[in-house]
Amino acid sequence: MAEPLLKLDDLAVHFQVGSALAGGVKTLKAVDGVTLDVKAGECLGLVGESGCGKSTLALAIMGLVPPTRGRLALEGHDIKTVDRMATARTVQMVFQDPYASLNPRQTVRRTLADPLRIHGITDKAEVESRVADMMAKVGLRAEQADRYPHEFSGGQRQRIGIARALILKPKLVICDEPVSALDVSIRAQIINLLLDLKDEMGLSYIMISHDLGVVEHVSDRVAVMYLGRIVERGSWQEIFEDPRHPYTRALIAAIPDPFHRAAVTAKAKAKGEIASALNPPSGCHFHPRCPLKADRCVTEVPLLEAVSEGHVAACHFRDALPT
Amino acid sequence: QTTPRKGGTIRMTAPYAASFGSLDFHTTPRAQDEIVGKSLNRTLYNFDSSTNKLVLELATSVTASPDGLVHTFKLRQDAYFHNGRKMTADDIIWSYTRIMDGAKAYPGARYVRLIKGAIDVEKGTAKEISGLKKIDDFTLEMTITDITDPGFYFFDGTTAILPKEEVEKPNFANNPVGLGPFKFKEHIPGSRVVLERFDKFYKPGKPYADRIVVQLMAEAAARDVAFRNKEIDTSILGPAQYVAYRADPELSKGILEVAEMFTRSMRMNPEFKPFADKRVRQAINYAIDTDLIIKRLVKDKAYRATSWLPLSSPSFDKAVKPYAYDPEKAKKLLADAGYANGFEFEWTTSQNESWGLPIVEAVIPMLAKVGIKAKPKLIETTVLTDVIIKGDFQAVISSSLTGPDSLAQLRCFYSKTPRSACNYVTFNNPAFDKLLDDAGQTTDAAKRVDLLRQANNILYEEAPVWFFNYNKAVLAYQPWIHGLQANPTEITHQYTEDLWVDEKSPAK
Amino acid sequence: MLIVIARRIANVVPTLAAVIALIFLLFSVLPGSFISGMSEEGRTIDPAVMERMRKEMGLDDPLPTRFAKYVTHVATGDLGTSFRTREPVTTLIGPRIWPSLKLVFAAMTFAIGVGVTLGFFAALKPGSLIDTFSMVGAISGLSLSQFWFGLMLMYLFALKLQWLPSFGYGDGGLTHIILPAVALGVGPMALLARTTRAAVLDVLNADFVRTARSKGMSERRVVTWHVLRNALVLVVTIVGLQFGSLMGQAVVVEKLFAWPGIGSLMVDSVFQRDMPAVQGCILMIVLFFLVINTLVDLAYVAIDPRIRYS
Amino acid sequence: MKLKGGSSLWIGGVLVGIAVAAAIAAPIIQLTDPVLDANLMNAEIPPGADFPFGTDAQGRDIYSRIVHGARISLTVGIVSQICNSLIGVTLGLTAGYWGGWWDDLVSGLTNLMLAIPSLVFALAIMAILGPGLFSLVIALGLTSWSYSCRIARAQVLSLKSQGYVQAARILGYGDLRIMFTQVLPNILGPLIVIATLGMGGAILSEAALSFLGLGIRPPYPSWGSMLSEARDQITTAPWLSVFPGLAIFLTVLGLNLLGDGLRDILDPQSTTRRA
Amino acid sequence: MSGPLLRVEDLHIALKTEAATYNAVEKVSFEIGRGEAFGLVGESGCGKSITALSVMGLLRRPLSLSGGRIILDNEEIQDASVAEWRRLRGKRIAMIFQEPMTALNPLSPVGRQIAEMFVLHQGANWNEAMDRAEDALRQVQVPSPERRIKDFPHQLSGGMRQRVMIAIALACSPELLIADEPTTALDVTVQAEIIDLMAELCAAKGTAILMISHDLGLVANMCRRVAVMYAGRIVEQQDADAIFAAPRHPYTQGLINSLPRLGERSRRGRQRLQEITGVVPSIAGYPSGCRFNPRCAAVTDICRSVSPEITPLPADGLVRCHHHG
Ligand SMILES: Nc1ncnc2c1ncn2[C@@H]1O[C@H](COP(=O)(O)OP(=O)(O)OP(=O)(O)O)[C@@H](O)[C@H]1O
Ligand SMILES: Nc1ncnc2c1ncn2[C@@H]1O[C@H](COP(=O)(O)OP(=O)(O)OP(=O)(O)O)[C@@H](O)[C@H]1O
Ligand SMILES: [Mg+2]
Ligand SMILES: [Mg+2]
């Protein structure tokens, strides 16, 4: 089998918060031992509630936060050994907030052309044509190239953000909640665009979102995160039709369902609030909210174990969930 | 005049800085501090402003040996320190010996050094000054090293007679005790010193006032307001206020003027080539319309300087006329000296309004007319002395004390006086040296005066400096204060036992 | 709480140490020695005497030696001996502290009293006459030259109206402090007026104020219960910073009004090259700043639970 | 402060504009030479037809001196603020961006500068360097950068997590390129505001230092030195102080208004940040 | 008593800027019955919040009510005096805001902020008010309320804060609760809990709800009737079931069909999402005629020139479209 495009092995990112003088330094385990891989041409969905470490994971992959432990391999090479510029040409990222992710003092042209120049493409004509190409691909008109971000709407800005991520022709694009900051009526445009580009350019995605509908729609495989750990991973059908972790079920159950689709019952809903990553509960992190909580959940950390080929869940009762 | 009133408060001002240096007057040479010192302390001699003479203060008589070197003082028997103890010859000896403590470098040492053997004490080779001998409690014999009037040396506040037992207490500077007409009451550092009448003062019936407050007021504009607001009784005036006060019908009634023993001049450093030539130096004196500057800029708050010695000096020659304003002559002299096209020099100056930058600024265009370009270089007053001592200037304008000891002052042009002592222009003139040598040898006062007059006239001719003016000190005073003295050594130094305020004074 | 105090004090120490080092180094390169400063108008000092005094004051020691000496002395609370009076600097500074504090507190009282009040009422009616008026006043207050303003006050209130004494410390009573306090306080006053206005406006637009209104509270209650304290949190920082630096700003006012504070001692000492005294004064000024800032931090802890519990 | 519409910007701009124009055109619009045309025969003439602002004690035309004073005073203001901004921005930018020990060091330094009131610091520096334009600019330019430093640092910290800065890093931009192309242009607004307000402060500080006797070196005048020299003549020749006083007041007022107006445009969120 | 609890008739809200005056909300009418849950849905900026604020009498400059009537329990309140508003707010109409983080006073313990309600409206003294605040907290299922009343807002999680907001709003058992996007800032699992809690409490107290959200699914689940707003106007209003089953306005249709819905792919495989072209117009750039016309797939000439009138639909429904089909 070919090397996966991206492979994470027990990746962890811990932050030191607080100061020695004020209440002591604490360790915040934003990402705590994540193992994942992304194959070429695949879209991996990453879901989880706010603060579970999705963005941190993305930043760690991008090299913007240093991992505390674990390995990160890009096309089989440890990322530490890969040149920063080469990484940049392989992995790129689309950000959540289209307003904050564009430099307000740079025209679209500059935003798109500068990376090319930095990566050694100095031929003016080539830069021009690649910029024009890219703009056309994301649905921007050529005459808009010399405008500043504030002259664009949110959806258009997100298109610029996507264009910037794709200008170096990366193989993998991490999309960190690419539509959640957009107007509802605009979201479809961007989702469609992302899917089109994927086919057109043969991209792989990591699609981070807490909107289960979006994740289901675009993903080939899905990973569910809770408090820094992956609690379930599998193909999109497995996750959405046969979730084997109570948290996944709770997530699905929480979605208001105007069509009364009764796949997951209301009994699956979680109680209470997400614990703080600063002092996560013992054993299974989810146990205080879990409808199935048993004694061993408090003490014993469930491991990610296979439910079926390619479908893993970290629950002591993964095989015995009520339906 | 009516008989002086007893009682009341005199409110004087100390205008030269925002604080007093110290109230241990041996340690401080500042004119500012001496304003208080004059009330608290007494010295062996006194300067009598009415006669411009030095008179005995703590002694009733003095006799000199024929060679003029041994002086025998009969001391006052009625002088008491504020702690109630009577002053004796021991106190004078102790005070002078303390001043010669080499490790402390008291400023008064320069005066006491006149006494034979004082230097040995300073160097630490002797414990006692050999030239001071106590004959009895009230008789003191002093042997000096130069033929001169010791009065010039022992009237300065830094040679005050202090009581040993008080000085040796740890906090003397905060509880000063002296022989003066007023005793210490309180000192609010940065604000004021308050003194109270000392009842055992030795002059009968004096002092008159109950209290003296010396307010610190360095800011002239603020002092002006305070004076007009009747919050203070005396205020020293700058040129601008001098004009204003003279023009005011009320204020003009209370102005005391005196020609102080300060000569303002621009020293020319002969190491700077043009200034080595006498004709250039004279040309500068001719080129500047000094009278105009004094009239318009200094607002007549100065007297035109003729030569080095001030008006109050007995050796001042009234027959000599100051350099006239004559640009043509200046040009000619410059041409003779080889500077027909002029030259450029750097003129070091301080900020001072009467002998600093404003004067320089007014002179620049005048010199420009004869082709001399002056570039002002402003430095701080504090650095000025440093610069002058080091000779680190081409020309420098400053103010110099030129009295009351004319011989001592003229020594500053004596060729053997090093620059670091006070011959800042390294003046060297054999005729001048000879006159000074003679003056130093003679015991005949009249002859000495005449010799010095001649020497002073040589300076006039040689023009080592631009003779600018003698300071006119101006003290404004309120109508209710009486007995102020026109002291030419420093107008703010008043013998306060003679001052009194009438009942119109608003002070309680 | 104790931890917060400890942390603040721990923060103060290095700053203070750095200030000591900085000041010492600055003044060790000062041209013109103290001794030459001792001679005025023609009364020069004997060079031999100067030499000896230099020795006595230890000015001829190499710089590191002097620095080491200075630091060890400061650590024991000894600020050195004044060149000028030959007294310990601490006794020189001691009597100045109280007048300085008085002036600074009076000025701050004025600034807070007038500035905060003006800013507060201006914010309640933005665009109104009082708003425009006080803000024009505030910005003018920030554009005034302090000594000029002081002089004007003197002329107006002492000379023309004869209401107040023009200068000096007097008996330490109220009348003498008013003019210098106003002259010193007008800058912070203007600043506080502006800050308060901005802060109150900020808070008035905050969500929780809308919540309070939606509870059915009267506007007055909203302002007194919810707006004031929150605005205060924003204003306190500025008060602290202004307060802390006021002793340094007082240099000019103290000189003008012949006020016996640290500032005038410092200026005097600078001109007389009395380095130990200058160093001592600056140290006091800095210490005052740090103390006030620490107090402000503690005030925060008292009024803002977000800090208290973090 | 919020005058109606952008009027604070307007009024401020006009006031500052006049001062700048006067400074630039000084040699043209002067009536006499401000230094050389001292004529004691003309000393202390009140404002009138020949001398619109009167003459000073040396007989020099006050108007011409004010016009030239604008050069010095504005130079002091502008150059010292450029120094402050350069120092502050460089330190703040790098500290905020790199963090770590450098950040700790810079923060310490900033606290230090904040703790020593800048007037006191400037006084000390002036005492060391001696009076003069150069030392004045140094004294004022080295002593009040803590504000711009703090602002720059705070802004960088908040920008650092903004998408476009992160995107730049991901795209392989170097640190310096990020600082100069991504960060700096976006924090310029508040920094300009601070510099504008700081200029006013510097002009006032110059006046204060002149009052304390540590001002500008002659022969060219600054407004502060003119004002401080004239203070003794306030009763006898009030025009000597009125005009430099007005010049200072109006220019500083203009700068403050301008700064406020700019803040509304460039830095809309920060109403309380700097005071 | 008869008649609906709240009737909003022909509401207009003006936004005054230096340049011009705009109608931020125009011709908005709806009714809410006693105890009924009514939903108001629309994208960001379409005027939902200010409609709600106008019902609270909380519009502030530059916004102002420029026309229409607000009738609470047969009483016109749009011109009520300050004092009358004060008696209405909190007591009869209460409101929950979107950001629980900023909607609570950070310097005041939450218990006190609840207790304020009892002091204000029921003349309680602080002690008994605090006791009742504790009860109120218990009602919104905050664990150990006796400790929590002393906590400050920053010590609570987002969900807890929103519970406190609910406790404040329901403290005086108001007749109407306006919930302006009460869960947008919360996580989905927490959101579900809060919605359930709100519905439950309101049912218990007989409080009507005006639920504002941009999540059509959420509103439809909770409310009986739903109104859809677009650019300051209500474009469609129907029963919750009907609006999903048969949306009549092209905008509503677009909203329902453009978003991937959970389970959709399982049922029908991946379909290309239906796009709504163009962008949401800004308040200064509302197009003439039908405000949706630049984005509408079925646009005709009349849509560009004539503003469509209301067409009534069965069961109190209405739609504002020339081609409602
Ligand atoms: N630089 C940092 N320093 C300290 N803690 C951090 C840092 N960045 C993130 N965290 C913490 O790490 C945890 C995970 O944050 P992260 O942003 O990855 O969550 P997320 O899943 O992306 O949430 P969201 O859905 O809100 O975007 C959070 O508790 C967050 O507070
Ligand atoms: N205080 C205000 N000043 C100026 N314009 C305002 C103000 N409040 C609201 N608006 C404008 O009124 C319009 C409607 O705003 P409103 O807050 O009601 O929208 P919304 O539907 O609640 O949107 P969201 O989903 O973002 O909360 C918007 O265009 C908004 O820009
Ligand atoms: Mg995230
Ligand atoms: Mg809203």
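Throughout, protein chains are lettered first and strands after them, A, B, ... in sequence-line order, and every chain is numbered starting at 1.
- Atom CH2 in C:Trp148 sits 9.0 Å away from atom CG in D:Leu246 (nearest 0.5 Å).
- For a residue to count as touching a neighbouring chain, one of its non-hydrogen atoms must lie under 4.5 Å from one of that chain's; by this rule C:Leu151 touches chain D with the side chain only.
- No more than 12 heavy atoms of other residues, nucleotides or ligands sit less than 6.0 Å from atom CG of C:Leu129.
- Proximity of C:Thr15 to D:Leu114: side-chain heavy atoms (C-beta onward) are nowhere separated by under 4.5 Å.
- Of the two parts of D:Ser118, neither the backbone nor the side chain holds a non-hydrogen atom closer than 4.5 Å to a non-hydrogen atom of chain C.
- No other option in D:Ile248, D:Thr251, D:Leu212 has as many heavy-atom pairs under 4.5 Å with chain C as D:Leu212.
- Side chains of C:Ser143 and D:Asn256: a donor on one and an acceptor on the other come within 3.5 Å.
- There is no contact between C:Phe288 and chain D, counting heavy-atom distances below 4.5 Å.
- For a residue to count as touching a neighbouring chain, one of its non-hydrogen atoms must lie under 4.5 Å from one of that chain's; by this rule C:Leu192 does not touch chain D.
- Only the side chain of C:Leu290 comes within contact range of chain D, with heavy atoms under 4.5 Å apart.
- Residues C:Gln146 and D:Phe211 have side chains not in contact (no heavy-atom distance under 4.5 Å, counting atoms from C-beta outward).
- In this structure, the separation between CG on D:Leu112 and CG on C:Leu22 is 5.5 Å, given to the nearest 0.5 Å.
- When the candidates D:Leu123, D:Leu227, D:Ile116 are compared by the number of heavy-atom contacts under 4.5 Å with chain C, D:Leu227 comes out ahead.
- Ranked by heavy-atom pairs under 4.5 Å with chain D, the first of C:Gln249, C:Met266, C:Met247 is C:Met266.
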* Show the numbers, then the answer: is there a side-chain contact (heavy atoms from CB on, under 4.5 Å) between C:Val286 and D:Val120? => CA-CA 10 Å; C:Val286 170; D:Val120 168; over 6 Å; no
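- Here C:Ile285 contributes atom CD1 and D:Phe121 contributes atom CZ; the two are 12.5 Å apart, rounded to the nearest 0.5 Å.
- Top candidate by heavy-atom pairs under 4.5 Å with chain C, chosen from D:Ser241, D:Gly108, D:Gly245, is D:Ser241.
- C:Leu256 touches chain D through backbone and side chain together, each having a heavy atom under 4.5 Å away.
- Of all the listed residues (C:Ser245, C:Cys281, C:Gly187, C:Gly248), the one sharing the greatest number of non-hydrogen pairs under 4.5 Å with chain D is C:Gly248.
- Side-chain contact between C:Val252 and D:Leu119: present, with at least one pair of heavy atoms (C-beta onward) separated by less than 4.5 Å.
- Counting only residues at least two apart or on different chains, the ring pair (Phe, Tyr, Trp, His ring centres under 6.0 Å) pairs with a member in residues 227-248 of chain C are C:Phe105-C:Phe243.
- Looking at D:Ser228 and C:Phe147, their side chains come closer than 4.5 Å, going by heavy atoms from C-beta outward.
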